[in-house]
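Remember, it's 1-based here, ligands and their atoms both numbered in the order they're listed.
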Amino acid sequence: VSARRADYARHASLPGGMRVYLRPVRDEDLAHAGEYFAGLSPESRYMRFMCSTPELTPQTLELLKHQLHEGSAAVIAALVNHSGGDEIVGGVRIVPGTKPHHCEFALTVVDRWQGRGVGRVLLTEGIRAARELGYRRIEGVVLAANAKMLGLAQHLRMHVERASPGVMHVYRDLVPLRGRRAQALP
Ligand SMILES: CC(C)(COP(=O)(O)OP(=O)(O)OC[C@H]1O[C@@H](n2cnc3c(N)ncnc32)[C@H](O)[C@@H]1OP(=O)(O)O)[C@@H](O)C(=O)NCCC(=O)NCCS
């Protein structure tokens with residue numbers, strides 16, 4: 001019951017009025033990683049993984065599993081509740097960046113749920129989690145062709161700069177949380 005309650009503790013309303021719930025990804029969710037991945041079109045996979053034939057490999061799953069328990073990372077799922085039960089429709093991952101106090105985000109929403117505001121809710125949550133972890137900058141690498149992600153980043157006050165041909169760097173500096181000690185600073 002308490003896990004169930006925790007599932008519904010954080011939520012946000014989508015523009016259409018539907019409610020989306022946010023919670024950390026758990027080990028048992030990884031059993032459904034294949035289903036989640038199947039919900040991403042080849043285009044979405046390309047946008048996210050930046051290669052033409054990305055697959056969900058055991059190595060990727062192992063890394064993800066490790067990150068679920070890593071104090072300097074946050075892996076958050078967005079769920080919707082409907083007659084068939086809870087469905088994970090998107091996720092955001094915050095991991096340490098290459099520079100001290102910087103973190104990187106990765107974001108996906110399954111195709112049939114894209115364009116309904118889930119990405120915005122998730123990235124907002126990612127920014128909140130990054131601040132809570134004590135990071136001072138959140139950044140990401142986005143293909144220049146990824147208009148949706150660049151539009152979303154700009155809506156959430158991220159700077160967008162060209163990193164290399166066809167690749168953009170997006171980032172936002174984070175104001176530390178007052179009155180709370182940073183939990184993890186790699
Ligand atoms: C990028 C992605 C996460 C966005 O999620 P989403 O749920 O579709 O986005 P939202 O519905 O929350 O849209 C948020 C904002 O994105 C922007 N946006 C959406 N569609 C857009 C489009 N076709 N062109 C430009 N901007 C667009 C808008 O700013 C929109 O704000 P609005 O509510 O004012 O329209 C999702 O499309 C996805 O998973 N893509 C594949 C993986 C990927 O590209 N990940 C990013 C790399 S880290």
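Although no hydrogens or angles enter the test, the distance criterion places no donor-acceptor pair under 3.5 Å between the side chain of Arg23 and the main chain of Ala78. For the pair Asp29 (side chain) and Arg26 (backbone), a donor-acceptor distance under 3.5 Å is present. Under a 3.5 Å cut-off, the side chain of Ser164 and the backbone N or O of Val167 do not form any donor-acceptor pair.
Protein residues having at least one heavy atom under 4.0 Å from any atom of ligand 1 are Ser44, Met47, Arg48, Leu107, Thr108, Val109, Gln114, Gly115, Arg116, Gly117, Val118, Gly119, Arg120, Asn146, Ala147, Lys148, Met149, Gly151, Leu152, His155, listed by chain and number.
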*With salt bridge (charged side-chain N to carboxylate O under 4.0 Å, His left out) as the test, would you mind laying out the steps for Glu125 and Arg128 before giving the verdict?*
CA-CA 5 Å; Glu125 181 70 7; Arg128 189 199 62 77; 2.9 Å; yes
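Expressed to the nearest 0.5 Å, how far CZ of Arg131 lies from CD1 of Ile138 amounts to 11.5 Å.
Salt-bridge annotation for Arg112 and Glu87: present, with a side-chain N of the basic residue lying under 4.0 Å from a carboxylate O of the acidic one.
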